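A short worksheet on the structure shown next.
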Amino acid sequence: MTTPFLSCDDVLLALDRFIRAELPSETVPLEAALGRCLAEPVRSPVDVPLFSNSAMDGFAFRSELLKAGGRLRLPVTGAAFAGHPFEGEPDPEGALRIMTGAPVPDAFDTVIPFEHVLESEGCIEFEASAIRPAANVRLQGEEFRAGDELIPAGAFLTPEAVGLAASAGYAELRCRRLRVVVFASGDELREPGKELGAGKIYNANAYLLTALLRSWGADVEYLGILPDDYETMLARLEEAALRCDLLLTSGGVGEGDKDLVGRVVGEAGELHHVHVKQRPGKPLSYGRIGEAYFMALPGNPAACAVSARLYVRRAVERLCGATPSPLVDAAVTTTTKLKGRLSRTDCIRGRIDEKGFVASPRSSSSTLAGLNDADALALLPEDCAELQPGETVRVKLVRR
Ligand SMILES: Nc1nc2c(c(=O)[nH]1)N[C@H]1C(S)=C(S)[C@@H](COP(=O)(O)OP(=O)(O)OC[C@H]3O[C@@H](n4cnc5c(N)ncnc54)[C@H](O)[C@@H]3O)O[C@H]1N2
Ligand code: MOO
């Protein structure tokens, strides 16, 4: 059977159709929630801000008093601090010394900062025109009302989202539980830190994939290097499939005599092998072994990394019920000439600086160096062989 040749978009579509799963959810402490996918929306149980409070260190008073115009002189009749509200009823004709974050008493609605008043003999003086009514007061509920959705289900939690959930009082969140098993494959591989022999290289991909999947909130188990041996590979993949939702391998998806992964998975379950019209990252397999979904990425490390960013990420989004992220994140000006190949989407590694996209000088698919320097992949479409400096290129951001 000939291998289908698919565009990047068609591969994403094929994965969308193939992966239909609803992973279970679990309760995760907030400290461990970074990168996890929310299973239920986070709703604010409270108004945010919780109470009207001062946005400045200064003096609170009633804006009615500004109507008199001219120079005002108000007696200072008390003080309020963050965490220590003023107790009692403040004098409505006076002012209250107030610090940023301190509750503003109901009777007051305006705060004038320290630097805009003159203080003397227990009073403050200022021009009425120096301050707008209602200035510098953050009103109760002006950001969110109790019951409002703060973060939607399906969102991957960023540091800011974790902080937002904390600000609404959440100590734990319901998140999807995604169990991933990672294997490397190939007799040439040795683990970092171990002896190399003739023709051997260090296993990079398994560590890249493990780190990437962990950063996406998965519970990842790395189970070592699969040897180029059919029976061993079959036994280990079948055993691993029992304990995960997604099984990832790298290497052995090409056309070589010992590229066995496809044959093994074809026997153990269901396999779809495709060639992607993309560089790097042409060969790709996906399928199922038992209940577990399976993806095999190319062995060349840069190809493995690019395919993981584009396609494993999509599989994770599908499994978690998340909104799929687009192939293209932004369009920017390229500052360097970009060369590609017709009928392939070239994923050119590079950086975005204040002038636009700068291609990395390292572009070999056998090293991760070009990607380590990169924060974006310029996606040169299939019908474009070259872009000149100043032209617009579509990019995928890869530092998320
Ligand atoms: N006759 C053809 N040969 C190749 C083709 C082709 O179309 N026809 N495609 C090339 C492309 S493109 C790629 S990508 C690779 C894909 O091959 P595999 O997925 O089978 O990968 P391997 O052959 O196992 O390895 C390729 C390369 O990467 C190194 N490697 C593998 N695993 C790791 C790892 N965990 N860490 C670091 N490096 C790894 C491996 O030693 C090889 O050098 O096929 C091309 N050939
Ligand atoms: O997937 Mo391969 O070189 O396209 O590196």
Side-chain angles (χ1 to χ4, degrees), residues 2-8 11 180-194 196-213 220 222-230 232-233 236-237 247-266 271-287 294-312 339-349 360 362-372 374 377-380 382:
T2 55
T3 306
F5 225 146
L6 302 183
S7 69
C8 303
V11 176
V180 177
V181 162
V182 170
F183 282 110
S185 78
D187 285 348
E188 75 277 29
L189 299 179
R190 290 290 177 270
E191 298 295 9
K194 297 279 190 293
L196 287 175
K200 311 294 187 207
I201 60 165
Y202 290 122
N203 166 20
N205 297 351
Y207 295 90
L208 167 96
L209 290 174
T210 300
L212 196 56
L213 270 289
V220 189
Y222 167 49
L223 292 183
I225 300 165
L226 296 170
D228 292 330
D229 172 77
Y230 191 93
T232 315
M233 207 182 258
R236 291 184 66 186
L237 288 177
L247 207 166
L248 295 177
T249 63
S250 76
V253 281
E255 319 297 324
D257 297 345
K258 295 204 165 181
D259 290 337
L260 298 172
V261 173
R263 271 176 266 169
V264 169
V265 177
L271 184 87
H272 301 272
H273 183 57
V274 300
H275 283 160
V276 191
K277 293 179 193 165
Q278 164 185 318
R279 216 174 49 152
K282 185 178 80 169
L284 181 77
S285 298
Y286 61 91
F294 166 81
M295 288 180 92
L297 303 169
N300 277 328
C304 175
V306 167
S307 298
R309 290 272 179 192
L310 300 184
Y311 307 119
V312 178
K339 271 178 142 344
R341 200 186 277 177
L342 281 176
S343 79
R344 297 274 190 286
T345 294
D346 279 90
C347 305
I348 301 170
R349 290 138 261 180
S360 164
R362 297 191 185 89
S363 64
S364 163
S365 76
S366 66
T367 164
L368 290 170
L371 260 169
N372 183 46
L377 297 172
L379 304 177
L380 218 58
E382 289 170 28

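Just so you know, ligand 1 is whichever comes first in the structure, and atom 1 is the first atom listed for that ligand. These figures come from a predicted structure and were not determined experimentally.
Annotation: atom 40 (C) of ligand 1 to nearest protein heavy atom, E188 OE2, 3.1 Å. Ranking the protein heavy atoms by distance from atom 23 (O) of ligand 1 puts D259 OD1, 3.9 Å first. The nearest heavy-atom contact from the protein to atom 32 (N) of ligand 1 is N205 ND2, 3.6 Å. The protein atom (non-hydrogen) at minimum distance from atom 5 (O) of ligand 2 is S365 OG, 2.9 Å. The nearest heavy-atom contact from the protein to atom 36 (N) of ligand 1 is A204 N, 2.9 Å. Among all protein heavy atoms, the one lying closest to atom 8 (N) of ligand 1 is E255 CG, 3.7 Å. Nearest protein neighbour of atom 11 (C) of ligand 1, counting heavy atoms only, is N300 ND2, 4.1 Å. At the shortest separation from atom 4 (O) of ligand 2 among protein heavy atoms lies G281 N, 2.8 Å.
The side chain of S250, and not its backbone, has at least one atom closer than 4.0 Å to an atom of ligand 1 (non-hydrogen atoms only; side chain from C-beta on).
Side-chain atoms of D187 come within 3.5 Å of backbone N or O of D228 as a donor-acceptor pair. Between the side chain of S185 and the backbone N or O of S250, at least one donor-acceptor pair lies under 3.5 Å.
Put simply, atom 29 (C) of ligand 1 has protein non-hydrogen atoms near it, under 4.0 Å away. Shown here, atom 16 (C) of ligand 1 is in close reach of the protein: a heavy atom of it lies under 4.0 Å off. In this structure, atom 44 (O) of ligand 1 is not in close contact with the protein, since no protein heavy atom lies within 4.0 Å of it. Note that atom 3 (N) of ligand 1 has no protein non-hydrogen atoms nearby, at separations under 4.0 angstrom.
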Derivation of the ring pair (Phe, Tyr, Trp, His ring centres under 6.0 Å) call for Y222 and Y207: CA-CA 8 Å; Y222 167 49; Y207 295 90; 5.4 Å; yes

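Checked by distance only, ligand 1 and A303 stay at 3.5 Å or farther apart across all their nitrogen or oxygen atoms. Where the criterion is an N or O separation shorter than 3.5 Å, residue side chain and backbone included, G254 meets it with respect to ligand 1. Polar contact with ligand 1: absent for A184 (N/O pair, distance under 3.5 Å).
At least one heavy atom of P283 sits closer than 4.0 Å to an atom of ligand 1.
A 4.5 Å side-chain heavy-atom check between L208 and P301 finds every atom pair outside the cut-off. Looking at heavy atoms from C-beta onward, L226 lies in side-chain contact with L237 at the 4.5 angstrom threshold. The shortest distance between side-chain heavy atoms of L213 and V312 falls below 4.5 Å. Side-chain atoms of S307 and P298, non-hydrogen and from C-beta on, do get closer than 4.5 Å to each other.
Applying the 6.0 Å contact sphere to NZ of K200 captures more than 12 heavy atoms from other residues, nucleotides or ligands.
Residue P280 has at least one heavy-atom neighbour below 4.0 Å for each of these atoms of ligand 2: 1 (O), 4 (O), 5 (O). Near N203, meaning under 4.0 Å from one of its heavy atoms, ligand 1 places the atoms 34 (C), 35 (N), 36 (N). Residue-ligand proximity, G251 to ligand 1, at heavy-atom distances under 4.0 Å covers atoms 19 (O), 21 (O), 24 (O). Using a 4.0 Å cut-off to heavy atoms of P298, the atoms of ligand 1 that qualify are 14 (S), 19 (O). Heavy-atom contacts of P283 reach the following atoms of ligand 2: 1 (O) (cutoff under 4.0 Å). Each of the following atoms of ligand 1 lies closer than 4.0 Å to a heavy atom of Y202: 36 (N), 37 (C). Each of the atoms 18 (P), 19 (O), 20 (O) of ligand 1 lies under 4.0 Å from some heavy atom of V253. Those atoms of ligand 1 with a heavy atom of K282 less than 4.0 angstrom away are 6 (C), 7 (O).
Between the side chains of E188 and Y202, no donor-acceptor pair of N or O atoms lies under 3.5 Å. Residues H273 and S285 have side chains that bring a donor and an acceptor to within less than 3.5 angstrom of each other.
Taking the six-membered ring for Trp and the full ring otherwise, Y286 and Y311 have centroids separated by 6.0 Å or more.
Residue nearest to atom 19 (O) of ligand 1, selected from G299, P301, S285: G299 (by heavy-atom distance). Closest heavy-atom approach to atom 24 (O) of ligand 1 among the candidates G252, G186, P192: G252.
Each of V181, L248, V220, N205 was scored for a side-chain contact (heavy atoms from CB on, under 4.5 Å) with T210, with one residue passing: V220.
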